[in-house]
Amino acid sequence: MTPRKLIQFSLICFFSLGSISCSKSEKPIIKDLQVSAAKSESLTKNTVQPESRRPQSESSSGQVLHGLGLEDYEKVAKQIFLVKEAMSEEYPVGDGLTFTMYILRYLSEVGDYILTNEDISNLLVAFEKISGEKLDETIYETVAQIKKLKFGKNSGKYAVEIFAFNKKEGVLIPINEVSEEGMVQEIKYARIKDKAEIIFDDVDSKLEIKALKRFLTEKITIPLVSDSMLPPLNQLHKDIKYDVENYIDNTKIIPLEIKTEGIYIKVDTSTVFNNMKFYLRTLYTLPGRKKDGAAIPSLVMRIRAKLVNVKISIDQ
């Protein structure tokens, strides 16, 4: 997958899942954003709002935003600001996805609420007005498949559930990226199943920190299976294990452990498995790490297809 397409995917996640004010109503929530947009019109003459992308309803005209209290806003803003400041120039894709995950995690902390497709569409339109930039059509095509987002908790952990209009097909994100190297021949698409879920857990206990260290240091192997028959199982950056303990002791940003259900990438390989669905299983975020002044990737994950587990760091 090229950096351009990965960045588009990051934007899809950010604008359809992350860059959202915390309304506990299913009605449009664009009013306050329209105020900001009006203020920004003096800064740009080319605001973009095609007729086909106008909010689906004018019922938002009397809406006010609901959500966090002042102390909650300060807590959320501080953590998100720290993550944003920790983003590197070397790894914009991985750091962008890490940033998105923190936004989602803190939106989930607000409480139990739902954002509808109309809410998300209104926010995309508002973003175009404020920025004066036209978003990629891929973002609109993806958002058009999302019925709603449900924020809240799952077994005591913060979570977001993604509902698709097409319950059978879910949300399809075409990639169609052909590779000329290695065992991966083509990355075909990403799919988010209907009712797919992302669950967040702060890594702040001794047991959780121990699990994180083990994740970064232990290598995946498959006994009795030749490496030549499989894609590389351990694709972590060479410095991913560097000074982890000191980082955890001193960072102001709480690392996250993230579990996902129902999200996968379809890959065509030259292995005996041919087409493989790699499900995203466990992700860890460690933003702001450096070695000798050089950034270290902030997002690592374990993906699984059939019996094959792969660990990767997002450092493209």
Side-chain angles (χ1 to χ4, degrees), residues 1-21 23 26 28-30 33 48-56 92-105 107-108 114-131 133-151 159-177 186-198 258 260-267 277-280 283 299 301 303 314 316:
M1 191 187 307
T2 64
R4 181 180 65 83
K5 290 202 173 185
L6 277 168
I7 290 169
Q8 285 181 3
F9 186 72
S10 301
L11 284 170
I12 289 166
C13 292
F14 184 81
F15 290 115
S16 65
L17 306 179
S19 182
I20 295 168
S21 296
S23 169
E26 291 195 27
I29 54 176
I30 196 173
L33 290 172
V48 180
Q49 189 183 19
E51 189 66 26
S52 62
R53 295 180 181 177
R54 291 186 182 277
Q56 300 173 19
V93 174
D95 287 354
L97 289 171
T98 292
F99 185 53
T100 299
M101 290 299 172
Y102 276 92
I103 291 175
L104 289 174
R105 178 256 180 267
L107 284 176
S108 302
I114 289 173
L115 292 169
T116 67
N117 178 271
E118 186 174 354
D119 292 330
I120 302 167
S121 299
N122 282 339
L123 286 164
L124 294 180
V125 171
F127 174 82
E128 288 191 333
K129 289 185 67 177
I130 293 168
S131 67
E133 298 177 2
K134 183 179 178 180
L135 295 174
D136 191 278
E137 285 298 324
T138 307
I139 295 174
Y140 279 96
E141 291 168 2
T142 301
V143 169
Q145 302 175 68
I146 298 174
K147 184 177 181 180
K148 62 182 179 182
L149 303 173
K150 182 179 179 181
F151 290 90
V160 57
E161 193 172 3
I162 305 164
F163 293 80
F165 281 109
N166 189 324
K167 293 184 178 181
K168 182 179 179 181
E169 297 296 326
V171 178
L172 182 67
I173 305 170
I175 299 174
N176 301 320
E177 190 70 24
E186 182 182 8
I187 303 174
K188 294 187 173 183
Y189 56 81
R191 189 185 299 278
I192 303 172
K193 292 184 177 181
D194 181 51
K195 298 184 179 181
E197 192 168 27
I198 306 174
I258 302 162
T260 73
E261 291 290 339
I263 303 175
Y264 69 85
I265 300 172
K266 184 69 173 291
V267 178
K277 294 180 181 178
F278 279 98
Y279 280 84
L280 279 62
L283 300 82
L299 185 65
M301 65 177 72
I303 59 179
I314 307 301
Q316 289 90 342

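These numbers come from the heavy atoms of this one structure, side chains and all, not from hydrogens, waters or symmetry mates.
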inquiry  = For a side chain to side chain contact (heavy atoms under 4.5 Å, CB included) check, start with the C-alpha distance between Gln145 and Phe165, then their side-chain angles and the critical distance, and finish with the verdict.
reply    = CA-CA 6 Å; Gln145 302 175 68; Phe165 281 109; 5.6 Å; no
Which distance, rounded to the nearest 0.5 Å, do you find between the [atom1] of [X] and the [atom2] of [Y]?
{"X": "Thr98", "Y": "Ile258", "atom1": "OG1", "atom2": "CD1", "answer": "7.5 Å"}
{"X": "Phe151", "Y": "Leu107", "atom1": "CZ", "atom2": "CG", "answer": "5.0 Å"}
{"X": "Leu280", "Y": "Ile263", "atom1": "CG", "atom2": "CD1", "answer": "6.5 Å"}
{"X": "Phe99", "Y": "Leu104", "atom1": "CZ", "atom2": "CG", "answer": "11.0 Å"}
{"X": "Ile192", "Y": "Ile198", "atom1": "CD1", "atom2": "CD1", "answer": "7.0 Å"}

ask   = When you check the gap from the basic side-chain N to the acidic O, do Arg191 and Glu169 get nearer than 4.0 Å?
value =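 Counted as a salt bridge, because a side-chain N and a carboxylate O are separated by less than 4.0 Å.
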Smallest separation among heavy atoms of [X] and [Y], with atom names:
{"X": "Gly94", "Y": "Ile314", "answer": "CA-CG2, 3.6 Å"}
{"X": "Val171", "Y": "Ala164", "answer": "CG2-CB, 3.9 Å"}
{"X": "Asn117", "Y": "Val143", "answer": "ND2-O, 2.8 Å"}

message = Within a 6.0 Å radius of atom CD on Glu197, are there more than 12 heavy atoms belonging to other residues, nucleotides or ligands?
response =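 Counting neighbours around CD of Glu197, more than 12 heavy atoms of other residues, nucleotides or ligands fall under 6.0 Å, so yes.
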ask   = Are more than 12 heavy atoms from other residues, nucleotides or ligands located less than 6.0 Å from atom NZ of Lys266?
value =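 Count over threshold, so yes.
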task = Evaluate side chain to side chain contact (heavy atoms under 4.5 Å, CB included) for Met301 paired with Phe278, printing each intermediate quantity in order.
result = CA-CA 11 Å; Met301 65 177 72; Phe278 279 98; over 6 Å; no
request  = Kindly determine whether Ile146 and Ile120 satisfy side chain to side chain contact (heavy atoms under 4.5 Å, CB included), including the steps that lead there.
outcome  = CA-CA 9 Å; Ile146 298 174; Ile120 302 167; 4.2 Å; yes
task = Tell me, please, whether Phe163 has Lys148 positioned over its six-membered ring: NZ or CZ under 6.0 Å from the ring centre and within 45 degrees of its axis?
result =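 Flagged: Lys148 positioned over aromatic ring of Phe163.
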key: Any donor-acceptor N/O pair, Asp119 side chain to Thr116 backbone, under 3.5 Å   =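 Here the side-chain-to-backbone pair exists.
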